[in-house]
Peer 1: 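The structure follows.
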Amino acid sequence: MMAQQTFVNQKLEFVEELVLYTDSHIFLTGKAGTGKTTFLKNLPLKTYKRMAVVAPTGVAALNAGGQTIHSFFQLPFGPLPPGTNTITAQLHKMKKRKLNLMRSLDLLIIDEISMVRADVLDAVDAVLRRVRRSQKPFGGLQLLMIGDVHQLAPVAKQEEWEILSPYYDTPYFFGSQVLKQVPYVCVELEHIYRQHDDDFITLLNKVRDNRMDRDCLNILNQRFLPNFRPNDSEGYVTLTTHNYQADRINESKLEAIKEKPLIFNAVIRGVFPENTYPTKEELTLKIGAQVMFVKNDPSPEKAFYNGKIGRLIGYDEEEKTLSVLCGNEHITVEPLKWQNMEYAINPDNNEIKENEIGSFTQMPLRLAWAVTIHKSQGLTFDKVIVDAGQAFAHGQVYVALSRCTSLEGLVLKTRIGSEALVNDYSVNRFVEQIPDKEPSQEKVDQLRHEYELETMLELVDFTGVYNDFVKLVKVIYGNDTLFESTMIQDLSQRRNRIHEELCQVGIKFESQIRKLHAESPSCEQNPVLQERLKRGVAYFDEHLKDIVAGLFNLPFKTDNQAVNEQLTEALQQVKETVFLKSSCLEACKDGFSVREYQKTKSVKVLEVEKGEKKKVDIKDDTMDKNPLYTALSAWRLQKAKELEVPAYTIAHNKTLKAIAKAQPVTLKELKDVKGMGTKNVARYGAEILDVVLKLIGQESESIDN
């Protein structure tokens, strides 16, 4: 038993290590009742990574404490074939705070992944790549998928599958194009906490894996009791495949109770979609009704949990509370609130938080003589009547049977035949590959080591800085007639310095990092590497700051608005990239750690996206304060209005600056100014000289023709 428990803990430790110290994508799976949900709920207490949790349905999202995939990523419902323009259209509608949040995430968790369709996962990938401006899978963030492919399957209606089938060989998430291209590891939890009977566990495993033999089927069908009519006091729950079946049973049972109906109306505020209501908006109960709690008790007493069954025995009209008997335990119930949460960023500390955008307040109960298999996922019952005769999807029978804690508490309303075990061979093929993707401790250590190395190399990689600077220089070169040659030369020198002093030195430094890092399992335990990194960080930080010093004060402004817009965009990108790189270097000046680097990077990315860094204001040079240049600019503007032509067709800004510097007093001197030319002198020479002479204190009559 001790060895088994050690093995169980080791698997959970693997997952924790993979999440905390690697960027590997992970599929966490396991049979029903193995603790996947518990792991998810405990994870936020352990990780420093900025994370968000999403799920395919409203109920699953509420249980996981997150949002639905479609809500978080603002995906339209219906099929989403790869390359669809719908994704691009939706991105334009996305609010800036949602974009900021996605760009600052380190970890995305998708719960109940078995119900996520392949095209939806590809759409998530497409959105993240676009929003995070990265062609890495999922935009470079880490993905943790939690679920069991033997449980509920994704919904793919026939008309939807006709659209999607040319792109996918299965609707399951593992059929997505992105997962076929990116490596990921699988960890399967095997210790079952829900059931304790080894024979029943073995039976459930065979149902799950579609390995039912005649003996197992006979054992299971011994629980087929067609005339079983339990008393309501026994607390049996019927699990059905369809909503109408569960509703019909509950309504019939409720109607049979000769008591006054008790009607409770939910209080709904803000945004709370109807398809996510945890219980009825108008909840009708009667004393004597069998009920199920649909929420965990938030009080310290923890008197009830989601899925606990009881019988309604009283109503206090003055206190507006109900009394429920569960076994020998009396529980007082009052209305509770469910929150519809939306992820946002706290402006005070830049931490990711959940904001309430809506709420649903109601008695945390529902009628519980029957519930659908779909709504039972994640719940545990002691006594279950399974009506799976109309099972229509892979995993439904297994989900239904595995809700029960023991074989003795299970009753079958219809026989289970091999035809009821709806099989999906794509699932079988996928499951067969899981052991090959399971990491050993050596593999986990390797992934951790690789992630640490990748992070250090990213720190000294200046390719992004260089590429953004090249884009800026291209705008200048493409409009070189608008700029002074000295400025073009200045930018060319800066570009060359970035390449030589940062990029090339970074490549050489990379080989040193690789060599030193290979000598130790961790950089934090490698004093030689740490010292080398400190010196390297100091060098790069000093040279980066020196290269960009004064860059944003150069005279980029032109009289061409389109060029100005291109320059503003290019300069802003350079400024943001330099700021991020400089911030990360600064954070590592006293030593490197993955945690500190990633934390700094996430926070600074957020600052940039929130606009906390000042936007670039492209500047003119000192001529802005030159009275002659100012007077010439005013003349040009007035002349352009008179002639109804663009100002630059009269004289380029660069030419006006040259005139202001040369201060010509004759037409001959004016003609020698670069950019004027014979035609412009003939057209505007007299007016220009008039402006010049007035500014330098001479009379226009002294013009020498």
Side-chain angles (χ1 to χ4, degrees), residues 99 103 129-136 140 458-507 539-586 601 604-624 648 652-658 675:
L99 296 173
R103 287 168 183 158
R129 290 188 195 220
R130 289 287 299 277
V131 170
R132 293 167 66 90
R133 305 188 187 105
S134 169
Q135 282 310 301
K136 291 182 178 180
E458 184 179 280
L459 176 65
V460 299
D461 180 4
F462 291 87
T463 305
V465 176
Y466 180 74
N467 288 342
D468 287 339
F469 204 89
V470 166
K471 291 176 185 176
L472 171 63
V473 172
K474 280 184 177 179
V475 177
I476 300 294
Y477 280 8
N479 302 276
D480 58 346
T481 58
L482 303 178
F483 302 97
E484 299 286 347
S485 60
T486 53
M487 178 174 155
I488 295 175
Q489 185 178 6
D490 177 290
L491 290 172
S492 180
Q493 290 174 347
R494 292 175 191 261
R495 178 198 59 194
N496 293 340
R497 288 187 64 191
I498 292 173
H499 183 258
E500 294 166 7
E501 299 174 28
L502 297 177
C503 293
Q504 289 190 341
V505 175
I507 291 171
Y539 166 87
F540 289 121
D541 190 39
E542 178 186 350
H543 282 250
L544 178 61
K545 288 175 179 175
D546 184 57
I547 292 170
V548 300
L551 172 66
F552 304 104
N553 292 319
L554 290 177
F556 288 101
K557 196 170 186 179
T558 73
D559 44 305
N560 187 314
Q561 186 58 33
V563 173
N564 287 344
E565 290 175 1
Q566 291 178 51
L567 286 169
T568 300
E569 183 179 349
L571 278 166
Q572 188 65 37
Q573 189 60 50
V574 170
K575 186 174 185 179
E576 291 176 1
T577 305
V578 168
F579 168 73
L580 290 171
K581 181 62 71 174
S582 183
S583 299
C584 290
L585 289 168
E586 184 71 22
K601 182 181 173 184
K604 297 305 177 183
V605 165
L606 190 57
E607 286 183 18
V608 166
E609 298 300 342
K610 287 173 63 179
E612 292 182 2
K613 304 311 297 174
K614 283 187 177 181
K615 296 296 181 185
V616 169
D617 180 20
I618 60 173
K619 303 178 185 299
D620 211 325
D621 58 14
T622 53
M623 284 293 172
D624 282 336
Y648 68 85
H652 283 296
N653 202 41
K654 181 178 176 181
T655 304
L656 296 186
K657 293 176 184 179

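Just so you know, residue 1 is the first one in the sequence shown, and it goes up from there. No experiment lies behind these values; they were computed from the predicted model shown. Atom set for the values below is all heavy atoms of this structure, side chains included, hydrogens, waters and symmetry mates excluded.
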Peer 1: Enter the distance from L554:CG to L472:CG here, rounded to the nearest 0.5 Å.
Peer 2: 9.5 Å
Peer 1: Please identify which of these residues, N564, T481, N479, meets the side chain to side chain donor-acceptor pair (under 3.5 Å) condition with T558.
Peer 2: N564
Peer 1: Ignoring hydrogens and geometry beyond distance, is a side-chain donor-acceptor pair present between T463 and D461 at under 3.5 Å?
Peer 2: yes
Peer 1: What pair of heavy atoms forms the shortest contact from R129 to Q135, and how long is it?
Peer 2: NH1-O, 2.8 Å
Peer 1: Atom CD of residue position Q504 - does it have more than 12 heavy atoms of other residues, nucleotides or ligands inside 6.0 Å?
Peer 2: yes
Peer 1: Would you check, one step at a time, whether the test side-chain contact (heavy atoms from CB on, under 4.5 Å) holds for F469 with V578?
Peer 2: CA-CA 10 Å; F469 204 89; V578 168; over 6 Å; no
Peer 1: For C584 and K604: C-alpha separation, side-chain torsions, deciding distance, then whether side-chain contact (heavy atoms from CB on, under 4.5 Å) applies.
Peer 2: CA-CA 9 Å; C584 290; K604 297 305 177 183; 6.0 Å; no
Peer 1: Below 4.5 Å, heavy atoms only, C-beta onward: do V548 and V465 meet side chain to side chain?
Peer 2: no
Peer 1: When rounded to the nearest 0.5 angstrom, what is the spacing between OG1 in T568 and NZ in K557?
Peer 2: 9.5 Å
Peer 1: Can you give me the closest heavy-atom contact between R494 and G550, atom names plus distance?
Peer 2: NH2-C, 3.9 Å
Peer 1: State the OH-CD distance between Y466 and E500, to the nearest 0.5 angstrom.
Peer 2: 9.5 Å
Peer 1: Minimum heavy-atom separation for G140 and S134, please, with both atom names.
Peer 2: N-OG, 4.2 Å
Peer 1: Where is the tightest heavy-atom contact between Y539 and E501, given as atom of each residue plus distance?
Peer 2: OH-O, 2.9 Å
Peer 1: Look up atom CG in L544 and atom CD1 in I498, then write down how far apart they are to the nearest 0.5 Å.
Peer 2: 7.5 Å
Peer 1: How far apart are the C-alpha atoms of F556 and V475, what are their side-chain angles, what is the distance that settles it, and do they pass the side-chain contact (heavy atoms from CB on, under 4.5 Å) test?
Peer 2: CA-CA 11 Å; F556 288 101; V475 177; over 6 Å; no
Peer 1: Is the backbone N or O of I488 less than 3.5 Å from a side-chain atom of Y477, with the two atoms forming a donor-acceptor pair by type?
Peer 2: no
Peer 1: N560 side chain to V563 main-chain N or O, any donor-acceptor pair under 3.5 Å?
Peer 2: yes
Peer 1: Any heavy-atom pair between the side chains of R495 and S492 that's under 4.5 Å?
Peer 2: yes
Peer 1: Is the Lys NZ or Arg CZ of K581 less than 6.0 Å from the centre of F462's six-membered ring, within 45° of the axis?
Peer 2: yes
Peer 1: So how far is it from L571 CG to D468 CG, rounded to the nearest 0.5 Å?
Peer 2: 11.0 Å
Peer 1: How far apart are the C-alpha atoms of V505 and H543, what are their side-chain angles, what is the distance that settles it, and do they pass the side-chain contact (heavy atoms from CB on, under 4.5 Å) test?
Peer 2: CA-CA 11 Å; V505 175; H543 282 250; over 6 Å; no
Peer 1: Measure the spacing between NZ of K575 and CD of Q572 and express it to the nearest 0.5 Å.
Peer 2: 6.5 Å
Peer 1: Is the backbone N or O of T486 less than 3.5 Å from a side-chain atom of D490, with the two atoms forming a donor-acceptor pair by type?
Peer 2: no
Peer 1: Could you tell me whether a side-chain N or O of R103 sits under 3.5 Å from a main-chain N or O of R133, the two making a donor and an acceptor?
Peer 2: no
